[in-house]
Protein chains: 2
Amino acid sequence: MSSIKDVAKLAGVSVATVSRVLNDKGYVGQSTREKVEKAIKELNYKPNEIARSLFKKQSNTIGLIVPDIMNPFFPELARAVEDMATKLGYNVILCNSDENREKEQAYLDVLKQNYVNGIIVSSNTLTAEQIGELNIPIVSIDREISKGLPTIVVENKKGAIIATRFLKNKGCKRIGHIRGTYGVVNAEERCEGYTDVVAEEPWFRKSYIVNGNYDMESSVEATRELLCLHPEIDGIFAANDIMAMGAIKAAYQLGKKVPEELAIIGFDGITISTIMTPELTTIAQPIYEMGELATTILVSLMEQQSIEKTYYTLDIELIERKST
Amino acid sequence: MSSIKDVAKLAGVSVATVSRVLNDKGYVGQSTREKVEKAIKELNYKPNEIARSLFKKQSNTIGLIVPDIMNPFFPELARAVEDMATKLGYNVILCNSDENREKEQAYLDVLKQNYVNGIIVSSNTLTAEQIGELNIPIVSIDREISKGLPTIVVENKKGAIIATRFLKNKGCKRIGHIRGTYGVVNAEERCEGYTDVVAEEPWFRKSYIVNGNYDMESSVEATRELLCLHPEIDGIFAANDIMAMGAIKAAYQLGKKVPEELAIIGFDGITISTIMTPELTTIAQPIYEMGELATTILVSLMEQQSIEKTYYTLDIELIERKST
DNA sequence: TTGAAAGCGTTACCAT
DNA sequence: ATGGTAACGCTTTCAA
């Protein structure tokens with residue numbers, strides 16, 4: 001790989017001059033510029049980003065930390081972040097924290113050591129102080145960390161309320177809930193929303209709520225338990241789509257017809273939920289938009305542009321399909 | 001952030017000494033080492049990876065370029081690569097090429113400019129020469145680029161043959177094929193396998209093969225066309241699971257029962273294929289193993305360890321579930 | 001308008 | 001056993 005020195009030598013100028021044309025900064029004569037450009041092309045020279053980063057203390061990169069890359073929600077989000085980041089001239093490093101505090105901290109260190117300009121994170125272990133110490137722009141997505149931090153979330157509670165009410169209006173007499181991962185903010189909020197709606201029902205008991213881990217397996221398991229314990233259940237609100245899909249599967253295994261005997265509604269609106277049979281009814285988040293918005297805000301922060309607002313609560317939308 | 005100089009100053013030694021204890025290289029006295037370690041802890045010092053990379057011309061990072069991060073196959077692969085890379089002490093940068101030549105080239109440049117130690121790529125536009133020019137270890141996964149290059153693939157043709165024969169043995173009289181993306185090697189191979197089995201059938205015509213793009217939408221579309229043109233079809237081999245899921249959906253829309261009136265088999269064995277209703281019969285690739293193997297091989301290459309073999313054709317496995 | 005040189009944070013070589 | 005220093009490839013300040 002040729003370096004700036006090679007270009008300078010070939011063009012018969014100093015490296016300073018080459019740097020100037022590279023960055024379009026400072027004065028450089030027309031003919032000199034042409035010479036340099038010719039040399040660059042001839043050598044197929046590409047600036048060394050590492051050296052640049054060392055000097056600038058910035059690497060033109062943003063980090064994206066997600067808790068579970070196997071949940072389609074996050075690839076969809078990642079896709080949006082990547083698209084927007086590319087558009088704005090940044091690269092993205094995708095990190096999978098596995099919902100694990102140590103891994104997350106390790107990635108944070110790595111990102112910092114690699115001079116990322118900013119980080120988008122979906123975390124429930126990170127605290128506001130930790131972020132403060134990091135001393136680099138961060139936006140939180142999908143999960144609120146602290147009211148004061150730049151954040152993109154949706155109205156989780158409201159969504160859960162809509163979902164549960166919807167089930168009720170559909171005629172469900174007994175509604176169960178598959179909770180999201182214990183300790184995750186949005187899981188709490190969605191559970192609260194559900195509870196708000198059913199708390200007053202005479203039939204309601206704590207055991208109508210079972211724990212899942214936002215993944216399929218745990219949901220199949222949880223749903224089976226739930227349905228064995230409460231065979232009278234005729235409606236389930238799952239805290240995300242993957243778990244809703246797991247619930248459908250469990251219902252199928254137990255010989256319950258969806259939606260005839262059991263209505264199921266999810267949360268997220270991931271693309272894949274449309275190809276289930278039956279297609280999944282869900283509370284859809286504007287996933288792509290969330291990713292774009294997070295990126296835009298982060299970049300504004302990084303580039304110190306003043307922005308009106310950094311905490312966004314996006315709206316969700318009930319999409320009725322065939323599982324209810 | 002504190003630098004090596006700060007540590008040296010605090011410990012009352014030279015930066016060279018600090019570097020020695022950091023890397024456990026060269027002589028350093030016991031008491032000196034302790035002083036330095038104390039200073040490191042006190043300052044919470046973390047070496048600057050960028051500076052390290054600049055000197056070493058290596059960034060302790062491997063690049064992973066995939067064509068479509070929305071297809072669950074690739075997150076699963078990415079997950080395996082990431083796990084193994086972390087285990088071996090490397091970070092991974094995930095890039096989504098979108099099956100697009102320019103994006104791919106751009107990422108290749110970016111990775112190179114960032115001194116990645118090696119790259120794992122799933123590509124059908126990349127040529128052997130391009131890779132040679134890159135002058136950095138590369139392993140190709142999921143798609144063969146050239147026989148001479150380190151490669152992890154599966155027996156695509158054999159898998160396709162097994163799939164098609166299986167449909168035949170199940171009693172299907174007319175079998176159609178949803179092809180993968182045009183121009184992608186494994187799509188060709190899978191199509192060949194299918195053709196091998198049905199070519200001699202009296203009913204067979206070219207129009208039993210329709211084109212999909214390895215994604216859901218295109219497959220729904222293609223399947224509808226196929227079934228309208230050939231309503232007599234009672235078996236479909238889709239070149240990947242996502243398209244098989246699309247086919248199930250299309251069948252459902254057209255009022256065809258799966259598997260009673262139409263058997264459908266996919267290819268890949270992605271996790272999500274188990275939660276369809278009906279669960280998808282598929283030719284499963286050992287996805288996680290492929291990712292691990294690719295990473296192991298790449299790292300061996302990077303660390304110049306001699307390795308016996310670099311071209312791996314892994315075996316596939318027919319998993320019979322409910323869609324056939 | 002251009003060039004020389006310092007500096008970014010490391011590592012490794014050469015002295016001592 | 002330890003320290004000084006050149007070098008990695010770039011940007012920017014200061015002089016000319």
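So you know, we letter chains A, B, ... as the sequences are listed, proteins then strands, and number each from 1.
A salt bridge links A:Glu49 to A:Arg52: at least one charged side-chain nitrogen sits closer than 4.0 Å to a carboxylate oxygen. A salt bridge links B:Arg79 to B:Asp83: at least one charged side-chain nitrogen sits closer than 4.0 Å to a carboxylate oxygen.
Listed nucleotides C:dA5, D:dG9, D:dG4 differ in distance to B:Ser14; the shortest reach to its side chain belongs to D:dG4. Distance from the side chain of A:Phe55 is smallest to C:dG7 among D:dT2, C:dG7, C:dT11. The nucleotide whose nearest atom lies closest to any side-chain atom of A:Tyr27 is, among C:dG9, C:dT1, D:dG4, C:dT1. If you check C:dA12, C:dC8, C:dA4 against the side chain of B:Ala16, the one that comes closest is C:dA12.
Taking atom CD1 of residue A:Ile4 and atom C1' of nucleotide D:dT11, one finds them 8 Å apart after rounding to whole Å. The CG atom of A:Asp6 sits 11 Å away from the C1' atom of D:dG9 (whole-angstrom rounding). B:Tyr115 has its OH atom 16 Å from the P atom of D:dA7, to the nearest Å. Here the P atom of nucleotide D:dG3 and the CZ atom of B:Arg20 are 8 Å apart, to the nearest Å. Counting to the nearest Å, the P atom of D:dT11 and the CG atom of B:Leu54 are 12 Å from each other. In this structure, A:Lys56 places its NZ atom 16 Å from P of C:dC8, rounding to the nearest Å. Between the CD1 atom of B:Ile50 and the P atom of D:dA7 there is a distance of 23 Å, given to the nearest Å. Between A:Arg52 atom CZ and D:dT12 atom C1' the separation is 13 Å, expressed in whole Å.
With axes fitted over five pairs at each extremity, the angle between the ends of the helix from C:dT1-D:dA16 to C:dT16-D:dA1 is 50° (10° resolution).
Along DNA chain D, the nucleotide closest to A:Pro47 and the one closest to B:Gly29 are compared, and the more 5′ of them pairs with B:Gly29.
Heavy atoms of B:Ser3 sit under 4.0 angstrom from primed sugar atoms or phosphate atoms, though from no base atom. Using a 4.0 Å heavy-atom criterion, one finds that B:Thr32 contacts the sugar-phosphate atoms exclusively.
Using a 4.5 Å cut-off on side-chain heavy atoms (C-beta onward), A:Phe73 and A:Asn240 make no contact. In this structure the side chain of B:Val153 never reaches within 4.5 angstrom of the side chain of B:Asn186, judged on heavy atoms. Between B:Val13 and B:Thr32, the closest side-chain pair of non-hydrogen atoms falls below 4.5 Å.
Side-chain N/O atoms of B:Ser19 include one lying less than 4.0 angstrom from OP1 or OP2 on C:dT11. Between C:dA12 and B:Lys25, a contact under 4.0 Å exists linking OP1 or OP2 to a side-chain N or O. For A:Lys57 and C:dG9, the shortest distance from a side-chain N or O to OP1 or OP2 is below 4.0 Å. In this model, the phosphate group of D:dG3 is approached by a side-chain N or O of B:Thr17 to a distance below 4.0 Å at OP1 or OP2. At the phosphate of D:dC8, neither OP1 nor OP2 sits under 4.0 Å from any side-chain N or O atom of A:Asn48.
Although no hydrogens or angles enter the test, the distance criterion places no donor-acceptor pair under 3.5 Å between the side chain of A:Ser19 and the main chain of A:Val15.
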Practice problem: Could you give me the CA-CA distance, side-chain angles and deciding distance for B:Leu293 and B:Met290, then say whether side-chain contact (heavy atoms from CB on, under 4.5 Å) is met? | Solution: CA-CA 5 Å; B:Leu293 186 56; B:Met290 290 168 72; 5.8 Å; no

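Side-chain contact of A:Tyr107 with A:Asn96: a donor-acceptor pair under 3.5 Å is absent, judged by distance alone.
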